[in-house]
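Here's the structure, in structure tokens; my notes come after.
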Amino acid sequence: MRVGVITFPGSLDDRDAQRAVRLAGAEPVALWHGSHDLEGVDALILPGGFSYGDYLRCGAIASLSPIMTEVVDAANRGMPVLGICNGFQMLAEAHLLEGGLIRNDHGSFICRDQVLRVENASTDWTAEFEAGEQITIPLKNGEGGFIADDETLDRLEGEGRVAFRYVDVNPNGSLRDIAGITNARGNVVGLMPHPEHAVEPGFGPDTAAAMRSGVDGLRFFTSVIQRTLAAA
Amino acid sequence: MPTIVVDVMPKPELLDPQGKAVAGALNRTGHSLVTGVRQGKRFEITVDGPVDEAVRAEIRTIAEEILSNSVIEDVVAIDFGDAELGADETAEA
């Protein structure tokens, strides 16, 4: 099982995502935005960061990168694709996911350990969660407000395509507390919070058991491994 | 070299936190006449040769598909810089 992590100019969390893939038991493959080669990977991660300095719109210029042609083709063929934070913004700009991400309603960058409810536990990236389960992973963004028109929001809810919802605090003004969504097929998932920062004891969010012991993010990556091996 | 100006604004129904922050600062500095600010983007595009219909069509496509994201923004005006033909072209919503 090989999982590609694409580095764009301004990506920050590409190596964290590679580490998460490794800790979950798969082989991470570093891919480059300027290439047209996915190097035969089985799944793809678009990592967080500030590609192109958030110029034009967050994720907009990255969504026009050479490799995005192959990413869109692979996503449409059913390859699992996870967009984290800036990667979610790219998926929205590439029209692989609906809606858009705008500046946080309070106008400030926010960084916190965020509780989420897993609303859809049947996607390629959430299969190892229970529907309704609450998890805690870090959130850090300046432009994480998820918006779409009412008709789109109703459709996303009706089709069970809200993958994650913020619990206790809505950190950025996202409509209907939406933290992440999936496409209809369940292979393309995007979310603002960062599962790759909660994969190893000692380096994750605090839990009731111990400081920095939270590893709720690991199951994003074990989910895609299980799904891919089951399909093989 | 002709310059074409494209203006993009956040959709009117959406909260514009940047504009809101600017309005707040203006009020704090005594400009109490300001009741609201919305902040958008202006693109100045230079092209080679005459701005004929083909160029206009391509610029309209660029404005609607790349310079703006129709989920969150509107192209509110494209000025092709030819006053004699009627300067301001307001893009269809």
Side-chain angles (χ1 to χ4, degrees), chain A residues 51-65 68-69 72 83 86 88-110 141-156 170-176 178 181 190 192, chain B residues 3-29 31-32 34-47 55 57-79 91-93:
Chain A
S51 58
Y52 292 93
D54 283 346
Y55 296 169
L56 188 58
R57 295 175 305 279
C58 298
I61 298 179
S63 77
L64 304 172
S65 298
M68 287 302 288
T69 313
V72 171
N86 193 213
F88 183 18
Q89 294 163 337
M90 291 176 209
L91 293 177
E93 284 285 347
H95 308 297
L96 284 170
L97 293 173
E98 289 94 332
L101 285 309
I102 63 169
R103 198 171 294 265
N104 297 346
D105 59 349
H106 46 76
S108 300
F109 191 92
I110 187 164
N141 66 65
E143 304 200 27
F146 179 79
I147 58 132
D149 58 36
D150 284 338
E151 183 255 317
T152 303
L153 291 169
D154 289 342
R155 187 159 44 80
L156 290 173
N170 182 332
N172 46 31
S174 292
L175 297 179
R176 305 196 193 180
I178 291 173
I181 60 174
M192 288 310 298
Chain B
T3 299
I4 300 165
V5 178
V6 177
D7 289 320
V8 175
M9 290 296 291
K11 282 190 180 297
E13 65 269 27
L14 292 179
L15 179 70
D16 169 21
Q18 287 189 105
K20 199 174 143 198
V22 173
L26 292 176
N27 287 157
R28 279 196 303 281
T29 50
H31 300 287
S32 56
V34 175
T35 57
V37 175
R38 295 186 69 78
Q39 182 177 331
K41 296 182 185 126
R42 170 188 168 106
F43 299 89
E44 297 181 350
I45 302 168
T46 49
V47 296
V55 169
E58 188 165 346
I59 294 292
R60 282 188 207 103
T61 302
I62 290 170
E64 278 158 28
E65 294 183 3
I66 297 176
L67 300 184
S68 69
N69 174 347
S70 64
V71 177
I72 57 180
E73 296 167 320
D74 293 321
V75 179
V76 294
I78 302 177
D79 180 352
E92 52 276 40

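First the proteins, then the strands, lettered A, B, ... as listed; each starts at 1. Fair warning: this is a prediction, and the values are worked out from it, not measured in the lab.
Of the listed residues (A:A148, A:G173, A:G99, A:A60), the greatest number of heavy-atom pairs within a distance under 4.5 Å of chain B belongs to A:G99.
The closest side-chain heavy-atom distance from B:K41 to A:R57 is below 4.5 Å.
Here the CD-CD1 distance, from B:Q18 to A:I102, works out to 10.5 Å after rounding to the nearest 0.5 Å. Atom CZ of A:R103 sits about 10.5 Å away from atom CD1 of B:I72, to the nearest 0.5 Å.
Proximity to chain A (any heavy atom under 4.5 Å) is shown, for B:K11, by neither the backbone nor the side chain. Looking at A:N104, only its backbone comes within 4.5 Å of chain B, counting heavy atoms on both sides. Using a 4.5 Å cut-off between heavy atoms, B:E13 makes no contact with chain A at all. Contacts of B:I66 with chain A are made by both backbone and side-chain atoms, with heavy-atom separations under 4.5 Å. Contact of A:I61 with chain B is not made at all, since no heavy-atom distance falls under 4.5 Å.
Residue A:F109 places its CZ atom among more than 12 non-hydrogen atoms of other residues, nucleotides or ligands, all under 6.0 Å distant. Other residues, nucleotides and ligands contribute only 12 or fewer heavy atoms inside 6.0 Å of the CD atom of B:E58.
Here the shortest heavy-atom pairing between A:L56 and B:L67 reads CD1-O, 3.8 Å. Contact record, B:L15 with A:D105: CD2-CB, 3.5 Å, taken as the closest heavy-atom pair.
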